[in-house]
Peer 1: 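My questions all concern the structure below.
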Amino acid sequence: MYDGGKIVAGLVLFLALVTSPIWYNVVTGKAEYKPEPKIVTQEKECVAPKAWMTAMHMTLLNDWRDSVVREGNREYVAANGKAYNMSLQNTCMQCHPNKAEFCDRCHNYASVKPYCWDCHVEPKEKK
Amino acid sequence: MGVNRRDFLKITGLGTLVGVGGKAAADLVFKGQVEAQEARPNEGALVGKRWAMVVDTKKCIEKIHKDGCKDCSIACHTVHNVPDFGNPKDEIKWIWQDTFEHICPNQHHPFTSESLEGAPFLALCNHCDNPPCVRVCPTGATFQRDDGIVLMDFHRCIGCRFCMAGCPYGSRSFNWRDPRPFVQNAREDFPTRMRGVVEKCNFCAERLAEGKPPACVEACKVKALIFGDLEDPHSEVREVLHEHYSLRRKPELGTMPQIYYIV
Amino acid sequence: MIDKALIGGRKYYGLIAVLLGVIGVGVLCYLWQFFYGLGITGLSRDVSWGLYIAQFTFLVGVAASAVMVVLPYYLHDYKAFGKITVLGEFLAIASVAMCMLFIFVDMGQPLRVLNVLLHPTPNSVMFWDFMVLTGYLLLNLVIGWISLDCERKGVAPPKWIKPFIYLSIPWAVSIHTVTAFLYAGLPGRHLWLTAILAARFIASAFASGPSLLIILCLIVRKTTRFDPGKEAIQTLAKIVTYAMSLNVFFLGLEFFTAFYSQIPGHMHPLVYLYAGLEGHGALIPWMWTSTALAAIALILLVNPGTRKNENILAFAVVAVFFSTWIDKGMGLVVGGFIPNPLEHVVEYTPTLPEVMITLGVWAIGFLILTVLFKIAVTVKEEAAS
């Protein structure tokens, strides 16, 4: 291998740079940080268990969208037997009107920018 | 013509098989937690087999001549968060007025009756029985429901505007720029649109689901707009169409519009 | 073989630099459009397709015309085209790439463009256009690259490539037929609603594409040691002559049907384009330029004396190229929208950023073309020496 030393050194440097955020978190302990969405609702339960909602809310929203827009089925009977109106603005955001503390907190942490709010009107936050 | 919902679902189902893998995996992890869910229509929703609208143009023209009425447009554009850009280039409209000779170009002649010549007529999506916009849409973003309503799934629209070229009635508008700053006091119970998608009248599908008539029909003080199910022989739309001579826009194109004009 | 594109003279690097500059401006303008929306263009709800789709429509024709060199060579064993088939195929690659980019820059939601594959709709002609264009790009990439590589190695092309070559012939016809069907199947757009549109598209394609190929051959001969051959250029010129005559004939048929039948809807767009309607006539000078160029080109091409003179031929084919570019580009696309479905005349003028994006896409096409031609010509020069 020509210039073997340089190549290996370059590769090591590259790996160090790429994995630097991990090392940074290990050293500073920041990786322990977990975003906690703030739940302000009085309701006792969501349309599905919390763990499932945390992981799968986008799937649920996608299913709801197709059901409402394409099939005209707007009512969702949840596992607990209750019926809900499938609507981001009129159901989800009624219990979770605090978009900044509920949605954005995790989304910012995960650096995802769902385009929901390009169209769906977020509730005006009470300050 | 076109594709009915069943075929459509079959086709899209095949296409989305790839994407289902992730969901299947998650369903395994959360097995049993979200069983027994079911989607169904709302109770009390207005259900029809072939929705249609009849415009009693005599009443409508009389009212407009009297006080420049725009009640239906205002009501529609308010409940649907339709933006007002204030210029014709960016303009978005769901229901609006034009004159008889522009709405029905082939019905007009030099000796048209004085009551019709230059008279204001309403234009909106015709919710055609054989809609060219649905035929040409490359993603199924525009589709026809079983009850005849031609709807748009704004999430799926790629903004190619083939439907605008396909619509022979100019009923479709495009969001040339972000509409949100041009919606005054956006209502929280209905979304706005984002830039780069097409939009049009949705026959108030969201209101029918709540058991309410379309906003324009409700807003019309002279009852010039009649909405109903053409498949129901006792419906008001059937009765008025039976009693009066009516026009449809460009019937020669075979699109079978479902907006009827009593003249 | 890509290495051949990396070594060149000062003129070659100069051309690349200029093209990259134009592309840079185009990309900047596109970023503006990406974040603002298509509102930076002159389009409106009345004229909803414009400059971009006009270029797309025209360039599908240029792409399809590769078949005019492939067909005589492979089906009729016409040896003179052997030297330039790869040039035709590479021109097709650059053209299809431009077509796809013009579609892309015209999308309101470009990031969702793969919805076309995610939700396939066989009832939409646009879906089929996606399919045939992608297929045609792949076919020409494989065929052009493999044949050139074999030429470099001095061996005969592998047998398995033959079926692909034969397939590419009807495929070329299909891309332009399907593109015409985008327009010809729409109720209420009278300029487009004509059974002869696909035939007209193909005729103008076989005029404009080979015209560009003649110009490129002349440039290649002047700037490199590779000579595409007088006979090949003259045969292309005959193809252009026949195709352009048919194109003008087909356009004439449209005029007859519209004006002898006297059906207002059929006459309106043509009146708008050539004479103006209700005081609007932005495209009149363009349409008459197109007409004049077509007339001059036909006179020069039909007459063997002028056609055989390569200087005059060069002028004639440039005229054909621009004539069809106007007629089948802005004329056809914008004309179809005027008057609008409510019989109002609303005009359309492209904006500066729109023109810059358009030039940027053309520059990307010419960059692809320059690099591919550089490779092809270098291989041919080395094979000859």
Side-chain angles (χ1 to χ4, degrees), chain B residues 1-3 7-8 11-12 14-16 18-19 85 88-93 98-99 101-103 105-106 123 132 134-141 155-162 164-178 194-198 249-250 252-255, chain C residues 33-49 53 103-104 106-130 181-183 185-190 192-193 264-265 268 333 336-337 339-344 346 348:
Chain B
M1 291 296 266
V3 176
D7 288 342
F8 181 83
I11 297 160
T12 48
L14 268 180
T16 41
V18 189
F85 291 97
K89 189 181 157 300
D90 292 325
E91 188 176 32
I92 289 175
K93 41 193 181 185
D98 205 329
T99 54
E101 53 271 33
H102 287 291
I103 299 285
N106 296 342
V134 172
R135 195 155 59 233
V136 301
C137 177
T139 63
H155 308 86
R156 196 181 283 186
C157 175
I158 59 172
C160 71
R161 313 192 292 295
F162 202 6
M164 295 177 80
C167 176
Y169 306 103
S171 294
R172 293 177 158 266
S173 307
F174 184 73
N175 286 278
W176 299 102
R177 52 188 296 196
D178 182 16
M194 66 196 295
R195 67 163 186 270
V197 297
V198 174
R249 293 171 71 190
K250 304 188 182 177
E252 72 279 9
L253 299 179
T255 55
Chain C
Q33 178 184 299
F34 186 86
F35 290 110
Y36 181 91
L38 279 157
I40 68 160
T41 67
L43 297 166
S44 65
R45 78 190 297 289
D46 298 300
V47 183
S48 45
W49 284 340
I53 294 298
I103 291 275
F104 186 78
D106 192 65
M107 292 290 126
Q109 282 292 332
L111 300 181
R112 291 187 198 158
V113 92
L114 289 178
N115 275 359
V116 175
L117 301 177
L118 194 62
H119 308 284
T121 47
N123 49 301
S124 172
V125 184
M126 185 88 77
F127 166 74
W128 290 107
D129 216 27
F130 257 80
F181 285 178
L182 284 178
Y183 299 99
L186 303 179
R189 304 278 177 192
H190 298 291
W192 301 339
L193 190 71
H268 282 158
V333 173
F337 286 104
N340 78 4
L342 291 119
E343 302 219 335
H344 290 291
V346 180
Y348 156 77

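Letters A, B, ... mirror the listed sequences (proteins, then strands); counts begin at 1. Keep in mind that this is a model prediction, so the values were computed, not measured.
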Peer 1: Report the option among C:Val125, C:Asn340, C:Leu182 that has the most heavy-atom pairs separated by less than 4.5 Å from atoms of chain B.
Peer 2: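 Most pairs with chain B among the choices: C:Leu182.
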Peer 1: Excluding sequence neighbours, so at least two apart, what forms ring-ring contact (aromatic ring centres under 6.0 Å, His included) with B:Tyr169?
Peer 2: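 B:Tyr169 satisfies ring-ring contact (aromatic ring centres under 6.0 Å, His included) with no other residue.
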Peer 1: Measure distances from C:Ile53 to the heavy atoms of chain B and classify the residue's part below 4.5 Å as side chain, backbone, both or neither.
Peer 2: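 No part of C:Ile53 comes within 4.5 Å of chain B.
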Peer 1: For a quick test of reading the model, state the closest non-hydrogen atom pair linking B:Val136 to C:Ser124 and the distance between them.
Peer 2: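 Closest heavy-atom pair between B:Val136 and C:Ser124: O-OG, 2.5 Å.
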Peer 1: When heavy-atom pairs shorter than 4.5 Å are enumerated against chain B, which of C:Gly265, C:Gly188, C:Gly336, C:Ser48 gives the highest number?
Peer 2: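 Ranked by heavy-atom pairs under 4.5 Å with chain B, first place is C:Ser48.
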Peer 1: Determine, for C:Asp46 against B:Lys89, whether the closest basic-nitrogen to carboxylate-oxygen distance falls under 4.0 angstrom.
Peer 2: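 Looking at B:Lys89 together with C:Asp46, the answer is no, because their closest N to O distance does not fall below 4.0 Å.
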Peer 1: Chain B heavy atoms under 4.5 Å from C:Asp106: which part of the residue, side chain, backbone, both or neither?
Peer 2: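 Contact with chain B: backbone and side chain both.
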Peer 1: For B:Thr99, is it the side chain, the backbone, both, or neither that has a heavy atom closer than 4.5 Å to a heavy atom of chain C?
Peer 2: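 Nothing of B:Thr99, per the 4.5 Å heavy-atom cut-off to chain C.
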Peer 1: Pick whichever of B:Arg249, B:Glu252, B:Arg172 has the most heavy-atom pairs under 4.5 Å with chain C.
Peer 2: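 The candidate making the most pairs under 4.5 Å is B:Arg172.
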Peer 1: Using heavy-atom distances under 4.5 Å, tell me whether C:Phe337 contacts chain B through its side chain, its backbone, both, or neither.
Peer 2: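 The answer is the side chain of C:Phe337.
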Peer 1: Is the distance between the ring centroids of C:Trp49 and B:Phe162 under 6.0 Å?
Peer 2: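 Between C:Trp49 and B:Phe162, the centre distance is under 6.0 Å.
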Peer 1: So, for B:Arg161 and C:Gly108, which heavy atoms are closest and what is the spacing to 0.1 Å?
Peer 2: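 So the two residues come closest at NH1-N, 4.4 Å.
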Peer 1: What's the shortest heavy-atom distance between B:Gly166 and C:Leu186, and which atoms?
Peer 2: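 Heavy atoms only, the tightest pair is CA-CD2, 3.8 Å.
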Peer 1: Of the non-hydrogen atoms in B:Thr139 and C:His119, which two are nearest, and what is the gap between them?
Peer 2: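 Scanning both residues, the minimum pair turns out to be O-CB, 3.3 Å.
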Peer 1: In terms of heavy-atom proximity below 4.5 Å to chain B, should C:Trp192 be classed as side chain, backbone, both, or neither?
Peer 2: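 Side chain only.
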Peer 1: Side chains of C:Arg45 and B:Ser173 only: does a donor on one sit below 3.5 Å from an acceptor on the other?
Peer 2: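 Note: C:Arg45 and B:Ser173 side chains meet the donor-acceptor criterion.
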Peer 1: Tell me which of these, B:Pro168, B:Gly254, B:Pro105, B:Ala165, has more heavy-atom pairs under 4.5 Å with chain C than the rest.
Peer 2: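 It is B:Ala165.
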Peer 1: Less than 4.5 Å to any heavy atom of chain C: does that hold for the side chain of B:Cys137, its backbone, both, or neither?
Peer 2: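 Just its backbone gets close to chain C.
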Peer 1: If I compare all heavy atoms of C:Pro341 with all of B:Lys250, which pair ends up nearest, and what's the gap?
Peer 2: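 Heavy atoms only, the tightest pair is O-NZ, 2.9 Å.
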Peer 1: Which atom names give the shortest non-hydrogen contact between C:Arg189 and B:Cys167, and what distance separates them?
Peer 2: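 Here C:Arg189 and B:Cys167 meet closest at NH2-O, 3.7 Å.
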Peer 1: Do you know which of C:Met107, C:His344, C:Met126, C:Glu343 has the most heavy-atom pairs with chain B at a distance under 4.5 angstrom?
Peer 2: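 Looking at each of C:Met107, C:His344, C:Met126, C:Glu343 in turn, C:His344 comes out on top.
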